[in-house]
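Worksheet: the structure to be examined is printed underneath.
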Amino acid sequence: MAQVKLFADLLQELQSGRKNGALYISIAEKSEDMARFYFRDGELYHVRYGTAIGNECLDILEFYTMNSASFYEGITAPDTPAKDLPGTADIIARFRKSGQSVKAR
């Protein structure tokens, strides 16, 4: 059953649990793409939405409504870590400030 929670809290749970895998987020606005957050030992190392990667992706997501999120253990990013990605704690703080919520499964 999906539970609505702050997106920052979900990221914090994955970081605290030192998870390895990918968090896929559907966007409420019409889009074929999903936002994807890749974790390695609880730290974010790659984020993408469509063709936007890293910090550019984070900037874009501020203007969209996150709908639902599912975490898949063991999935790795298709390429190298995003070079301009802020640290995980900074990303969590950024989403905490935005107050965005998501339905987590």
Side-chain angles (χ1 to χ4, degrees):
M1 176 179 226
Q3 176 184 15
V4 176
K5 58 175 60 180
L6 288 175
F7 187 62
D9 289 346
L10 178 58
L11 294 177
Q12 183 72 55
E13 287 173 20
L14 295 170
Q15 182 188 38
S16 297
R18 300 185 50 80
K19 296 293 186 176
N20 291 299
L23 180 66
Y24 284 53
I25 299 107
S26 66
I27 305 299
E29 290 79 10
K30 297 287 183 192
S31 174
E32 295 177 7
D33 293 315
M34 296 184 92
R36 294 165 301 217
F37 287 64
Y38 295 92
F39 288 83
R40 184 179 294 150
D41 296 323
E43 299 300 317
L44 282 161
Y45 73 98
H46 191 87
V47 177
R48 70 182 313 133
Y49 178 62
T51 59
I53 296 172
N55 200 48
E56 179 185 13
C57 173
L58 297 174
D59 288 342
I60 288 170
L61 289 176
E62 289 183 36
F63 299 100
Y64 289 95
T65 305
M66 295 181 188
N67 189 21
S68 63
S70 298
F71 183 75
Y72 299 96
E73 190 80 35
I75 293 179
T76 57
D79 51 12
T80 59
K83 294 178 181 159
D84 65 345
L85 191 64
T88 303
D90 293 332
I91 294 170
I92 292 170
R94 183 175 183 166
F95 281 106
R96 191 164 308 285
K97 185 176 179 182
S98 78
Q100 291 187 51
S101 60
V102 66
K103 286 182 246 170
R105 302 174 201 250

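Residue numbers run from 1 in the order of the sequence given.
Between the CD atom of Glu43 and the CD atom of Gln15 there is a distance of 4.5 Å, given to the nearest 0.5 Å. Note: Lys5 NZ to Gln12 CD = 11.5 Å, rounded to the nearest 0.5 Å. The line from CE of Met34 to CG of Asn67 is 9.0 Å long, rounded to the nearest 0.5 Å. The CZ atom of Phe39 lies 11.0 Å from the NZ atom of Lys19; values are rounded to the nearest 0.5 Å. Atom-to-atom distance recorded for Leu10:CG and Ile25:CD1 is 7.5 Å, nearest 0.5 angstrom. Atom OH of Tyr45 sits about 8.0 Å away from atom CG of Asn20, to the nearest 0.5 Å.
Here Tyr38 pairs with His46 under the ring-ring contact (aromatic ring centres under 6.0 Å, His included) rule; sequence neighbours left out. Residues satisfying the ring-ring contact (aromatic ring centres under 6.0 Å, His included) criterion with Tyr24, sequence neighbours excluded, are Tyr72.
A donor-acceptor contact shorter than 3.5 Å is absent between the side chain of Ser68 and the backbone of Ser26. The main-chain N or O of Thr65 is never found under 3.5 Å from a side-chain atom of Gln100 such that the two would form a donor-acceptor pair.
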Next item on the list: Take Phe95 and Leu58, measure what side chain to side chain contact (heavy atoms under 4.5 Å, CB included) needs, and give me the verdict at the end.
Entry: CA-CA 9 Å; Phe95 281 106; Leu58 297 174; 3.8 Å; yes
Check: Should Phe37 and Thr88 be marked as a side chain to side chain contact (heavy atoms under 4.5 Å, CB included) after you check the CA-CA gap, both sets of side-chain angles, and the distance that decides it?
Finding: CA-CA 11 Å; Phe37 287 64; Thr88 303; over 6 Å; no
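Taking all atoms of both residues into account, the shortest heavy-atom contact from Leu23 to Ala69 is CD1-CB, 3.9 Å. Residues Ile53 and Ala82 approach most closely at CG2-CB, 3.9 Å, considering heavy atoms.
Each of Val47, Asp84, Leu85 was checked for a side-chain contact (heavy atoms from CB on, under 4.5 Å) with Cys57, and the lone residue meeting it is Val47.
Leu61 and Leu44 fall within a single hydrophobic cluster, where Ile, Leu, Val, Met, Phe, Trp and Tyr are joined by side-chain heavy atoms under 4.5 Å apart, directly or via other members. When hydrophobic clusters are built by joining Ile, Leu, Val, Met, Phe, Trp and Tyr residues whose side-chain heavy atoms come closer than 4.5 Å, directly or via intermediates, Tyr64 is not grouped with Leu6.
The side-chain hydrogen bond (donor to acceptor under 3.5 Å, both in side chains) pairs that include a residue from residues 49-58 are Ser31-Tyr49, Asn55-Arg94, where partners are two or more places apart or lie in different chains.
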